[in-house]
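Structure first, then comments.
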Number of protein chains: 2
Amino acid sequence: MKKPTPPVSGAAPNMKQVAEAAGVAVSTVSRALTNPGRVNEKTRTRVAEAARKLGYTPNAAARSLRMGKSKTIMIVLPGALYYGASQIIPLALAGIDGLLARNGFKILIANLDREEATEQHIINLAGSGTVDGAIVLSSAPPSVGGRSLKDLGLPVVAMLHDISDQGVPSVITNEHQIMCAATELLIAEGHRQFLYVAGPDGVYHEVHRYAGIREAIARHGLPESALTRTEGVGAYQEGFNIGFAAAEQLLAMAPRPTAALCCSDDAALALLKRLLDEGIEVPSEVAVMGFDGAAVGALFRPALSTIEQPATEMGTRAAALLLEMLAGEEVPPVTVVDSTILRRGSA
Amino acid sequence: MKKPTPPVSGAAPNMKQVAEAAGVAVSTVSRALTNPGRVNEKTRTRVAEAARKLGYTPNAAARSLRMGKSKTIMIVLPGALYYGASQIIPLALAGIDGLLARNGFKILIANLDREEATEQHIINLAGSGTVDGAIVLSSAPPSVGGRSLKDLGLPVVAMLHDISDQGVPSVITNEHQIMCAATELLIAEGHRQFLYVAGPDGVYHEVHRYAGIREAIARHGLPESALTRTEGVGAYQEGFNIGFAAAEQLLAMAPRPTAALCCSDDAALALLKRLLDEGIEVPSEVAVMGFDGAAVGALFRPALSTIEQPATEMGTRAAALLLEMLAGEEVPPVTVVDSTILRRGSA
DNA sequence: TTGTAGGCGTTATCAA
DNA sequence: TTGATAACGCCTACAA
């Protein structure tokens, strides 16, 4: 018999050793461990005991290879792993992780926008059988040369963005509607001149939130001039800069808007600070409304009013959808979890 | 020949198919793809072309099984995946992920304190060959029945906590020294009565930071009564509550401390808010110093002075150490990356 | 330079 | 109820 290269070999015991220790065949060990019903109770106990004594853990790679699945889910995060005060991503992860872990899945983190050809890396993870499915928190499922995650036949769920038009079931929040509602609230309280502090141009959220505000403006018969929109000055990660830039713009405007609706709490908090530094009273002179529901906003003076996203629940829902897809069930193309307006003082 | 159960079988092509398409043997494909030097250039091109055309990606499970390693690193996070405003964990992850991804490693997230028997889960991941190493951000490496991660022969690196006494190389910051320095700074500016707003009792950080303050107090000949320490009221995740509780205590004290040093920015910001709400001037009546370096602290009025932890760099260092260990190199038991005092206004 | 063959640890089929 | 055995896809020692 040829002697193959001993591939590493830590002390990790394998089934054969357990089988020997228990005085049974390998196949019996396998059954005893994974299919306890189909094996004699006494044998089962003997095997379990041997496994315990040896500290046996089934080799995941071998199982994966044999079964064709890995019990691993990939989470695709947008951009750099720094997300300001909003905590949307960590909360979403908590939701996802909670449900998936409870179902025996491992979580593999992949994030986009890394230096190297990351999209390729992600596609590879999918194609290599490393993962059984993916949850995408970035705006588009990664793709290389027109070949995207879902083309690989991998179950994919999106959250935060609606990409159901690309055939990816999506968990989103009611951005349009809640932004409309918030605006209507402010209109009802007498505001007539609005500033929308926008995030990156053309991004999904921006389209919908802005549309929501416009709808409220239109519905109440206010002129188009009642709403100004800042120019996108960068990614959400640079929320503070967005807020500071918006402050400059607001301070220079005449007539001055009496209400600012922001794309994120980071932007809102930076704007808030700058306004207060300028001696402007919030909310009496300018009302400021954030978006996200960052807990830290409650510590500002005045406390930041904001739109709270149900990030954890969205995560849980996305995970649940993925589990259903893995089970071969049909899932709805779009799942909406409502955000809520959180009035804390600044608007 | 027996007909084995076709295990799933997506359309994922394997080496055999590539070999057929290229008109060579499987082993040649393997060589061409992983050891391009040892194969005829023309053959190599033909193989590469076939692989490209078929959209071939090597199966990770098979490779893992054969090679005995997975190119996957487990990151063990403490507690729930919600970390207040501090961003230490996300920043650390960014640092870790950056270096590891660049070296072709995948990142598996495991977090402690989940409902189920999570320690067992983590140990299993390690024992099952799923991961080649681990970076631990929690205070102790998970263990079950006295069997800990490192007993499994897995390279482990710790960060944030020094557990080098357990044989785990650790990347930490100079908590003791920087806290001492910050206190000395405040003493030099005339402060004589201090409050330390403590985190959870008995935790590593608390021991070292408190010791740092005490050293400064002692070195300058101040009496023990110059320093009061709040009782730990909960985990770091509940930073706001820690701060609020501390505020109550501070307001009730006589003589009132003129400087509060806090275990986290979350605690410091909550304390700050509460003091300002009470009409207390910061920093003139009470100086407030945070810990972590949360970016959002700069938006408060006054802006939060704090001790900035080099979280990203610590992450990078930890990853680097792990890579060295995987390469069989010796690594130092303790690596210290300095924090810096960030004076922004509140102290 | 290329092909043949064996085995990594597991599960599932089939026969006993 | 149990055991022998054939793959899963890959890598590598060895032969050609």
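Residue numbers start from 1 in every chain, and the chains themselves are labelled A, B, ... in the order their sequence lines are given, proteins ahead of strands.
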B:R63 side-chain N/O to D:dC11 phosphate OP1/OP2 under 4.0 Å: yes

Inter-axis angle, terminal five-pair segments of the helix from C:dT1-D:dA16 to C:dA16-D:dT1 [nearest 10°]: 40°

Sugar-phosphate, base or nothing in reach of B:V26, heavy atoms under 4.0 Å: nothing

Among C:dG9, C:dG3, C:dT11, the one nearest A:M15 by side-chain distance: C:dT11

Pairwise side chain to side chain donor-acceptor pair (under 3.5 Å) hits with a residue in residues 51-61 of chain B, at least two apart: B:E49-B:R52

Base C:dG3 paired with B:T28 side chain (donor-acceptor, <3.5 Å): no

Donor-acceptor pair present, A:R66 side chain and C:dT11 base, under 3.5 Å: yes

Touch class at under 4.0 angstrom, heavy-atom based, for A:T43 against every strand present: sugar-phosphate

Nearest-nucleotide pick for B:M67, side chain only, options being D:dT2, D:dC11, C:dA12: D:dC11

Phosphate-side-chain proximity, B:N14 and D:dG9, N/O vs OP1/OP2 below 4.0 Å: yes

Interatomic distance where CG belongs to A:N40 and C1' belongs to D:dG3 [whole Å]: 15 Å

Residue A:R31, side-chain heavy atoms: nucleotide from C:dT10, D:dT2, D:dC10 that is nearest: D:dT2

